[in-house]
Amino acid sequence: MNRPRKQTVKRRLSAVPGASLLRKISAGVLLTFSSLPFTHAEDAAAPAVDPATSLPAAPSWLPPVTPMPDESAPASAAPATAAPAAPAAPAGDAPQTDTTPLNTSSTAPDADPSAAPAPVIPLVQPVTSTITVAEMGQTNGLTLSGGQLQSGIIFTLPADEVVTNAHLSLALKISPALIARDTTLELMLNGQPLGNLPLNQSSNGGDVYDLDIPSAMVVSNNNLSFRVHDSNTMTCEKDQSDKYWVTILPTTSIGLEGQQLNIGRNLGNFPRPFFDGLQMQESKITMGFSAAMKPGDVSAAAMVSSYLGMLSDYRSVDFPVILNDLPDQNGILFGKPGDKIGSLTLPASNGASIQIIDNPINPVYKLLLVLGNDDNELRQAAYRLISGGMPNNAERLDVTQQTIPSSKPYDAPRWIDTSRPVTLGELAGKDPDSLISNGIYHDGIQVAFRAAPDLFMWDGHNIPVRIDYRFPTENWIDEDSSRLNVSINSNFLRSLTVNKVGLVENIWRRLGGDSRQERYTLQLAPYLIYGDNQLQFYFDIRPKKDAPCSILTSDNIKSRIDPKSFIDLSGSYHFAQLPNLSYFVGASYPYSKLADFTDTLMLLPEVPSAGEIHTLLNLAARAGKATGVPVNHVQVAFGLKGDERNNALFDRDILAVTTLGDTPFNQQLLADSPFSVNAGSMGVKTPTQVQRIVAWLTGDWYRQPVDADRYLSSTGAWRGFVSYRSRWSNDHVVVVATGTDDQQLLKIHNDLKSPKINANVRGDLAIITDENGIRSFSVGQQFPTGQMPWYMMVLWYASTHIVILSLIATLVSLLIGLSLFVVLRRHAAKRLGQK
């Protein structure tokens, strides 16, 4: 029996008459529209594309396109012939136009320019993308319920893209009670109606509906909003949020087709076109190196990667690596003048320089060249690129020597200050309205902050959090039932009342006195503070039964958290036991203790692969994101020669990236550690009897070397992290990011985007597999690091070395007892007249 075909929803949406004409209009113009049908996904057909349709002009919201030297005609005109750019005279750090021609592998003899046509420079490049509601920040979807029958989602697009076709795939889940009411879901984009979807019996709550969106409505910053059209009858039905609801599922998506504009060779656009803060999906920024790559090249790339990671903030960014080849699209290349990368020979330079050129493969895309004749000049070029704005309308910049400032311990600007109380206004940033809730039905107030992961407080000491807050002073509010709920990192802390609680306060309030409670100090347990934290406040306002319906949807009702509220971490110390991989995945600690990686060495095999460099750059980007500081002083080394004990470069914390296939390098790297490598597989060394006794005496009873070794021996393909005390410096630690091969190693990037995996990385060995997820073990000995008062250190050692403390106490008691026995025996003999 054939499955019946789903019927098309008969409601029609507003649309622009003449769809083909609309494609020719600039993307900034908004028009009235009517009669666009809403269909199920399986009934929707791909829109017809007119091949003769010309490309739209750049919208007004785009930045002006910098003309190329050979671009004298607009995009709609025929391409003009190329003409050489006029050179600019160098002036120190001033922008210059490079007069040195870029060499390629295929050279031709000089020819008369008039004898052959100049190459055509494309102005645009077709691009496609799909953005889901989850990628717009709503990982659980968007639910309309109760009195909150209207909400929206903001999504942004790169500024150098023009949308020519847009398509919405709407996935819904609807409550049966709402379906029975025969309501309608209204959709709007940027204040303009898209259409109405009936939420009736034909909507079974599991369908996907397709809608073609006029491309002229899609701009850089967009607001896609939804409203259940039945508010006149539903708003007065209080406490029905569990009965009437519709959820826009996180799989709902907007498919976009458009054109990538050629924005010209302009250093002033940096970090565009390589990174655009308006792009909501993961940014992939290709890094290229020559076959003669040196550690200094990778150091400069790590600096730039950490800076772009810092800019990405909550977005994801990835750094694919190409060796001795050119990327197909945009890319950043590092090397010395004269190095060959694919068909390109890096241009000559008298010193450190930065230059942007067209990609020889496709001139719409750009290549950024970071050049220097030695490691110092490369670092200078990279630092100039990331330390300030680049000059506008310049293709090249010669970089002068300058001093790169150094970080101090724990001075990362994204870490909360532990020397004084920090107000929530400081943590909330420049938006004063972020601490205000509008209306009765609203989202919670969230205040995010990062902290150094090694904060330590003694048991019984807490972190004071003072909260100054205000509820609306309306007579329709049920003050006895309304609450301010406070939580941190999804851990509920306390429910604060509107009025003070107590017999006297209650009597005073009934007599007309003011008994509002507008201040409370929470005592926060130290273990609730992580590297990345989020304080959450929700004003749960309950209206009285006779409250008017109009106030339930009013946005003129405001609940506030006072910006002068504060959290005080000044009573904490920086103290921790290492190795601890949870500190590393959470905040790149201990490397981020000095945020610019002054005390860090990044170590790669003698001949690193593209996958190993790729992983190292991604880890540098995570560090920049965690601290807000680029790794300006990081050092990179290739391989181990065996004489590193006297090398000052190794007297620091080491972050190594390698695959298990490089056995000689790994054997050197893991020497004198609890781990071993043999024939491309890793194991855990069996502790000696002396090591077992020492572990027992020091109270280190929870090591799992046998379990870890068995798990490693029974696991084929895996990736993860290994950490141990550095044999080159006892005060430092080594963390190794590794995998069975490059394919596994590259999966670490996506693994670290998973909150579940991050939360379960701990100890000194973390193993991740596709089948079993994450398993963590503690196999080696930890050592303390940090600073505490001497008396607290004594107490800490006593509390963590209970066996030794017991033995010492027993020995002391025995000595005192024997001494007293001898003294008393002599005294008794003397008293009895005995000699």
query: Can you tell me if D532 uses its side chain to pair, donor with acceptor, with the backbone of G586 under 3.5 Å?
result: no
message: Holding to salt bridge (charged side-chain N to carboxylate O under 4.0 Å, His left out), I want the full list of residues that pass it with R703, two or more places apart in sequence or in another chain.
response: D700
message: Restricting to non-hydrogen atoms, name the atom on L765 and the atom on A708 that form the minimum distance, rounded to 0.1 Å.
response: CD2-CB, 3.8 Å
query: Side chains of Q534 and Q446: do they bring a donor and an acceptor to under 3.5 Å?
result: yes
query: Just checking, is any N or O donor in the side chain of H461 or Q523 under 3.5 Å from an acceptor N or O on the other one?
result: no
Side-chain donor/acceptor pairs under 3.5 Å, residues 783-799, sequence neighbours excluded:
from	atom 1	to	atom 2	distance (Å)
S799	OG	L795	O	3.3
S799	OG	W796	O	2.8

query: Is the backbone N or O of D662 less than 3.5 Å from a side-chain atom of N666, with the two atoms forming a donor-acceptor pair by type?
result: yes
- prompt: Between S729 and D731, is any side-chain donor less than 3.5 angstrom from a side-chain acceptor?
  reply: no
message: Under 3.5 Å, is there a donor on one side chain and an acceptor on the other for S778 and Q704?
response: no
message: How long is the straight-line distance from OG1 of T659 back to CG of L745, given to the nearest 0.5 Å?
response: 7.0 Å
message: Any donor-acceptor pair under 3.5 Å linking the side-chain atoms of Y583 with those of D454?
response: no
task: Taking the side chain as every heavy atom from C-beta outward, state whether F597 and V629 have any atom pair closer than 4.5 Å.
output: no
- prompt: Q744 side chain to D741 main-chain N or O, any donor-acceptor pair under 3.5 Å?
  reply: no
query: Side chains of D339 and F289: does their closest heavy-atom pair fall under 4.5 Å?
result: no
- prompt: Ion pair present between D297 and K336, side-chain N to carboxylate O less than 4.0 angstrom?
  reply: yes
field: NZ (K294) with more than 12 external heavy atoms under 6.0 Å
entry: no
task: Please report the shortest heavy-atom distance between T627 and S592, naming the atom on each side.
output: CG2-CB, 3.5 Å
- line: CD1 of I768 to CH2 of W718, rounded to nearest 0.5 Å, is 9.5 Å
query: Can you find a side-chain donor-acceptor pair between N750 and K753 that sits under 3.5 Å?
result: yes
message: For a quick check under 3.5 Å, do N489 and N533 share a side-chain donor-acceptor pair by atom type?
response: yes
R379 bridged to E377 by N-O distance under 4.0 Å: no
message: Suppose we call two aromatic rings close when their centres sit under 6.0 Å apart. Are F721 and F584 close by that rule?
response: yes
- prompt: More than 12 non-hydrogen atoms from neighbouring residues, nucleotides or ligands closer than 6.0 Å to CG on N646, yes or no?
  reply: no
field: More than 12 heavy atoms of other groups within 6.0 Å of W696 CH2
entry: no
task: Output, in order, the C-alpha distance, side-chain angles, deciding distance and verdict of side chain to side chain contact (heavy atoms under 4.5 Å, CB included) for T658 and L604.
output: CA-CA 6 Å; T658 179; L604 291 167; over 6 Å; no
- request: Taking N760 for its side chain and K756 for its backbone only, find out whether a donor-acceptor pair lies under 3.5 Å.
  value: yes
query: Yes or no on side chain to side chain contact (heavy atoms under 4.5 Å, CB included) for Y530 and S582, after CA distance, side-chain angles and deciding distance?
result: CA-CA 10 Å; Y530 307 138; S582 65; over 6 Å; no
- request: Examine distances only and state if a side-chain atom of S776 and a backbone atom of R762 form a donor-acceptor pair shorter than 3.5 Å.
  value: yes
- request: Identify the heavy atoms of V607 and E612 that sit nearest to each other, and give their distance.
  value: O-OE1, 4.4 Å
query: Looking at CE of M602 and CZ of F638, how far apart are the two atoms once the value is rounded to the nearest 0.5 Å?
result: 12.0 Å
message: Checking the side chain of D596 only, and the main-chain atoms of S407 only, is there a donor and an acceptor separated by less than 3.5 Å?
response: yes
Non-hydrogen atoms of G683 and D709 that approach each other most closely: CA-OD1, 3.4 Å
query: Is it the case that more than 12 heavy atoms not belonging to Q281 sit under 6.0 Å from its CD atom?
result: yes
Pair H574 + F456: ring centers closer than 6.0 Å: no
message: Tell me the closest heavy-atom pair linking T738 and I748, and the distance in Å.
response: O-CD1, 3.9 Å
message: Test your reading of the model: is there a side-chain donor-acceptor pair from R315 to the backbone of S283, 3.5 Å cut-off?
response: no
query: Are side-chain heavy atoms of T769 and Y711 found at a separation under 4.5 Å?
result: yes
- line: Interatomic distance, CD1@I386 vs OG@S306, rounded to 0.5 Å, equals 5.5 Å
query: Which heavy-atom pair separates S723 from F675 by the least distance, and what is that distance?
result: O-CE1, 3.6 Å
message: Quick check on Y527: does its OH atom have over 12 non-hydrogen neighbours (other residues, nucleotides or ligands) under 6.0 Å away?
response: no
Distance-only donor-acceptor check, side chains Y724 and D672, under 3.5 Å: no
Beyond-backbone contact of S714 with L712, side-chain heavy atoms, under 4.5 angstrom: no
task: For D742 and H614, test the side chains for any donor-to-acceptor distance below 3.5 angstrom and give the result as yes or no.
output: no
query: Does NZ or CZ of R645 fall inside the cone over F650's six-membered ring, less than 6.0 Å from its centre and within 45° of the axis?
result: no
- request: Show your reasoning for whether salt bridge (Lys or Arg N to Asp or Glu O under 4.0 Å) applies to D751 and R719.
  value: CA-CA 10 Å; D751 293 332; R719 66 272 182 191; 2.8 Å; yes
- request: Decide yes or no for V304 and L617: does some side-chain heavy atom of the first lie under 4.5 Å from some side-chain heavy atom of the second?
  value: no
message: Tell me whether D328 at atom CG has more than 12 heavy atoms from other residues, nucleotides or ligands lying less than 6.0 Å away.
response: no
field: Donor-acceptor contact below 3.5 Å, side chain T688 vs main chain Q691
entry: yes
- prompt: Does the Y591 side chain pair with the main chain of I654, one donor and one acceptor, at a distance under 3.5 Å?
  reply: yes
query: Going through the checks in order, is the side chain to side chain contact (heavy atoms under 4.5 Å, CB included) test met by I463 and M457?
result: CA-CA 9 Å; I463 300 168; M457 297 184 75; 3.5 Å; yes
Test side chain to side chain contact (heavy atoms under 4.5 Å, CB included) applied to N647 and W728, step by step: CA-CA 9 Å; N647 188 342; W728 297 286; over 6 Å; no
task: May I ask you to test the P590-L578 pair for a side-chain heavy-atom distance under 4.5 Å?
output: yes
field: Between CG on residue L660 and CE on residue M682, distance to nearest 0.5 Å
entry: 5.0 Å
message: Determine whether a donor-acceptor pair (N or O, by modelled atom type, separation under 3.5 Å) exists between the side chain of T598 and the backbone of H633.
response: no
statement: Distance col, row L333:CG vs L326:CG, nearest 0.5 angstrom, shows 6.5 Å
